[in-house]
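Each remark here refers to the structure printed beneath this line.
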Amino acid sequence: DVQLQASGGGLVQAGGSLTLSCTISGSTFADYSIGWFRQAPEKEREALACISSGTDGNTYYRDSVKGRVTISRNKAKNTVDLQINSLKPEDTAIYYCAGSSQWRFPGPSPSLYDVWGRGTQVTVSS
């Protein structure tokens, strides 16, 4: 079975940065487009960023985080990373990575992703 795992969360002060990593087992990242999502308490899950499968590297970013968030494939670590800068208390949430084997560039639609990893908690203190 293909599994994804998000890691790198923690407690950070406002204004700080974090890099979250998504690792895959049972397959390779080349076969999957990857999206990062988050869900805060009592809020709906929202897509933050997506990177296409293959080598073209197309990306999608949620308007509200553009300029603060970067998604990238780290070939050395075999991960898909999400760097978040200028963290705000409202960024506090559980962050998930998800993969799509069917869609080259699924964008922000959760229904287009078929593999979901366990999340990692990010808490931003003011």
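Everything numeric here is computed off the predicted structure, so don't read it as measured data.
Grouping Ile, Leu, Val, Met, Phe, Trp and Tyr residues whose side-chain heavy atoms lie under 4.5 Å apart, directly or via other members, places F105 in a hydrophobic cluster with Y60.
Between K77 and S21, the closest side-chain pair of non-hydrogen atoms falls below 4.5 Å. With a 4.5 Å cut-off on side-chain heavy atoms, Q121 and T92 count as touching. Side-chain contact between E44 and Q39 is absent, with no heavy atoms from C-beta onward closer than 4.5 Å. F37 places none of its side-chain heavy atoms less than 4.5 Å from the side chain of Y95. Side-chain contact between T59 and S52: absent, with no pair of heavy atoms (C-beta onward) separated by less than 4.5 Å.
Taken from CZ in R68 to NZ in K88, the straight-line distance is 4.5 Å, to the nearest 0.5 Å. The OG1 atom of T70 lies 10.0 Å from the CD1 atom of I84; values are rounded to the nearest 0.5 Å. Between atom NZ of residue K75 and atom CZ of residue F29 there is a gap of 13.5 Å, rounded to the nearest 0.5 Å. One finds the CG atom of D1 at 11.5 Å from the OG atom of S27 (value rounded to the nearest 0.5 Å).
The backbone N or O of Y32 lies less than 3.5 Å from no partner atom in the side chain of S53, so there is not a single donor-acceptor pair. Of the possible polar contacts, one joining the D114 side chain to the S101 backbone as a donor-acceptor pair under 3.5 Å is found. For the pair R62 (side chain) and A47 (backbone), a donor-acceptor distance under 3.5 Å is present.
Residue V12 is grouped with residue L82 when hydrophobic side chains (ILVMFWY) are merged at heavy-atom distances under 4.5 angstrom, including chains of intermediate members. Linking Ile, Leu, Val, Met, Phe, Trp and Tyr whenever their side-chain heavy atoms come within less than 4.5 Å puts V65 and I51 in one cluster. Hydrophobic clustering (ILVMFWY, side-chain heavy atoms < 4.5 Å, transitive): L18 and L48 are in one cluster. Hydrophobic clustering (side-chain heavy atoms under 4.5 Å, transitive across Ile, Leu, Val, Met, Phe, Trp, Tyr) groups Y61 together with V80. Tracing side-chain contacts under 4.5 Å through hydrophobic residues (I, L, V, M, F, W, Y), one reaches V124 starting from L20; they form part of the same cluster.
Here the closest heavy-atom approach between residue S126 and residue A14 is recorded as CA-CB, 4.3 Å. Nearest heavy atom pair, residue A6 against residue T120, reads O-CB, 3.8 Å. Taking each heavy atom of G99 and L4 in turn, the nearest pair found is N-CD1, 3.3 Å. Of all non-hydrogen atoms in R73 and G54, the two that sit nearest each other are NE-O, 4.4 Å. The two atoms that bring P106 and S33 nearest to each other are CD-OG, 3.0 Å, heavy atoms only.
Seen from the ring of W36, R45 does not count as a face-on cation partner, given the 6.0 Å and 45° thresholds.
In this structure, the ring of Y113 has its center no less than 6.0 angstrom from the ring center of W103.
Checking S72 against D81 by side-chain atom types alone, no donor-acceptor pair falls below 3.5 Å. For N85 and Q83, the side-chain atoms include at least one donor-acceptor pair closer than 3.5 Å. A donor atom on one side chain and an acceptor atom on the other are not found under 3.5 Å apart for N74 and T79.
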